[in-house]
Amino acid sequence: MSEIQKRSMPKAYAVLWIIITAAYGIWMAVFMRNTVLVSYETEAQRTVDGYLQPDITGMIGRHWLFPVWTVVSCIALILFIVYIKKVLYAEAQSKLSAAVCLVLLIAGCIYINWYGLLDVTKNDGTPAQFIDKVTYITASMTGLEYPWLFRGWGLLASASIFINTMYCYRRYDYNNRLGVILGSIGSAAIFITVNCPSYGETKDFSVPRCLGHWAGAALFAVCCAAPLVIFLISKAKAEKGRYLGGLIAFCIVLLALGAFIVLGYKSAIIENIPMTAAYILLFMLNFTGFFKKKD
């Protein structure tokens, strides 16, 4: 019996996610309700980089959607307890669990790349060309025109990466509390980003909307990659070989993204490169024998 099978899920994980969900629900109900339904509907807030967006929340004239979204997103957050319990601490990996993880993995990878190619309008009112999507139109900027698709991006990306990371840990009989906690924080952080619309190419961190948007995105990227990096470092130390190669390749992709951002190059397509790399790596770890030692 493996070490994971000998233990039940620590209550601390459930407590962490209950606190996160409660804090998020209070934030949405108390602080964000008027912001989303009043402030974000003004022309000043909908004018991004000099262009007036028609509806950056997807709720103008449909205010009943706010409580619906709040409830749905709270349910999505509390489900992470189930992911940890039923995937990481499962007695055995069932075919159903594998199928759910695989479907989410494929769906997440397809969705984020499809989303990055959506048609958007530039500030001059003309349709963006492919080169614009490569050079400066980010996923969050696309979300100004497609707010509900952007919320779907956050829901699917966080759930698919987290649940497959837990599946990876369980498959290789590996467990790391820091990895689980960081993955939890990163997965929750994206819910801040999708509720704080993009401030465009302008970066003014004195504005709560801009600060929240960027902080959530940064935490999502760093904290969701960290559990995979921690796993690969541990396995590379013990077995080297393909784990070491996977670690080096994945870190090169992450460092390349960091370099692009520092140099001022950011777009949905550039952002999708490390996420797609994570999906490919998780697929190879979870559903192939590429990293498994042969008897």
Side-chain angles (χ1 to χ4, degrees), residues 1-14 16-17 80-102 104-106 108-109 157-187 189 219-259 273-295:
M1 183 177 288
S2 73
E3 289 300 316
I4 294 177
Q5 287 175 286
K6 293 177 185 177
R7 300 194 300 269
S8 59
M9 184 184 80
K11 292 181 180 179
Y13 292 150
L16 172 64
W17 274 106
F80 280 82
I81 298 174
V82 178
Y83 303 155
I84 298 172
K85 183 176 178 61
K86 296 298 184 181
V87 178
L88 179 58
Y89 286 92
E91 289 187 9
Q93 289 185 315
S94 66
K95 290 183 178 180
L96 176 60
S97 175
V100 170
C101 290
L102 180 59
L104 280 174
L105 186 76
I106 294 172
C109 188
S158 60
S160 59
I161 291 175
F162 184 85
I163 196 173
N164 273 280
T165 302
M166 296 301 97
Y167 188 88
C168 173
Y169 276 26
R170 182 64 187 83
R171 186 183 189 210
Y172 292 87
D173 196 25
Y174 178 78
N175 198 356
N176 183 285
R177 290 195 175 188
L178 178 61
V180 177
I181 292 170
L182 288 176
S184 297
I185 293 171
S187 298
L219 281 172
F220 171 71
V222 173
C223 292
C224 285
L228 261 180
V229 173
I230 290 170
F231 167 79
L232 289 171
I233 289 174
S234 176
K235 299 296 283 186
K237 284 182 177 179
E239 302 182 33
K240 297 183 174 61
R242 293 179 178 178
Y243 292 105
L244 180 59
L247 172 64
I248 293 171
F250 189 51
C251 286
I252 287 174
V253 173
L254 295 177
L255 290 172
L257 174 65
I273 293 173
M275 291 187 68
T276 302
Y279 280 121
I280 293 172
L281 178 60
L282 284 167
F283 176 80
M284 294 175 69
L285 285 164
N286 292 352
F287 305 106
T288 75
F290 182 79
F291 288 95
K292 286 274 190 179
K293 278 188 174 180
K294 294 182 179 179
D295 296 332

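The residues of the chain are indexed from 1 along the displayed sequence. For clarity, every value in this text was computed on a predicted model and none was experimentally measured. Computed over heavy atoms, backbone and side chain alike; hydrogens, waters and symmetry mates excluded.
- Proximity of Tyr174 to Cys168: side-chain heavy atoms (C-beta onward) are nowhere separated by under 4.5 Å.
- To the nearest 0.5 Å, atom OG1 of residue Thr165 and atom CD1 of residue Ile84 are 11.5 Å apart.
- Checked against a 6.0 Å centroid threshold, the rings of Tyr13 and Tyr83 do not count as neighbours.
- Across every non-hydrogen atom of Gly183 and Cys224, the tightest pair is O-SG, 4.3 Å.
- Here the closest non-hydrogen pair linking Gln93 and Arg171 is NE2-N, 3.3 Å.
- Closest approach of Pro274 and Val253 over heavy atoms only: CA-CG1, 3.6 Å.
- Qualifying side chain to side chain donor-acceptor pair (under 3.5 Å) partners for Lys235, counting only residues two or more places apart in sequence or in other chains: Glu239.
- When all heavy atoms are compared, the tightest approach of Ile81 to Ala14 is CD1-O, 3.7 Å.
- In terms of the side chain to side chain donor-acceptor pair (under 3.5 Å) criterion, residue partners of Tyr279 (sequence neighbours excluded) are, by chain and number, Ser160.
- If you take CE on Met275 and SG on Cys109, they are separated by 9.0 Å, rounding to the nearest 0.5 Å.
- Minimum interatomic distance between Ala98 and Phe287 (heavy atoms only, all atoms of both residues): O-CE2, 3.6 Å.
- No side-chain heavy atom of Val100 sits under 4.5 Å from any side-chain heavy atom of Val87.
- Paired with Met166 under the rule side-chain contact (heavy atoms from CB on, under 4.5 Å), one option of Ile161, Asn175, Leu88 passes, and it is Leu88.
- Residues forming a side chain to side chain donor-acceptor pair (under 3.5 Å) with Ser158 (at least two apart in sequence, or on another chain): none.
- To the nearest 0.5 Å, the span separating CD1 on Ile233 from CG on Leu228 amounts to 11.0 Å.
- Taking each heavy atom of Phe290 and Met284 in turn, the nearest pair found is CD2-CE, 3.5 Å.
- The shortest distance between side-chain heavy atoms of Pro227 and Asn176 does not fall below 4.5 Å.
- Taking the side chain to side chain donor-acceptor pair (under 3.5 Å) definition, one finds that Ser187 meets it with nothing, sequence neighbours left out.
- Listed by chain and residue number, nothing satisfies the side chain to side chain contact (heavy atoms under 4.5 Å, CB included) test with Leu255 (two or more places apart in sequence, or in another chain).
- Atoms CZ and CG, on Phe291 and Leu281 in that order, are 5.5 Å from each other to the nearest 0.5 Å.
- How far CG of Leu282 is from OH of Tyr167: 12.0 Å, rounded to the nearest 0.5 Å.
- Between the side chain of Asn286 and the backbone N or O of Asn164 there is at least one donor-acceptor pair closer than 3.5 Å.
- Counting heavy atoms from C-beta outward, Phe162 and Ser184 have side chains that approach closer than 4.5 Å.
- Using a 4.5 Å cut-off on side-chain heavy atoms (C-beta onward), Arg170 and Ser97 make no contact.
- By the side chain to side chain contact (heavy atoms under 4.5 Å, CB included) test, Ala189 is found to be paired with Leu219, residues two or more places apart in sequence or in another chain being considered.
- Once rounded to the nearest 0.5 Å, the distance linking CD1 of Ile163 with CG of Leu105 reads 10.5 Å.
- Between Tyr172 and Leu285, the closest side-chain pair of non-hydrogen atoms falls below 4.5 Å.
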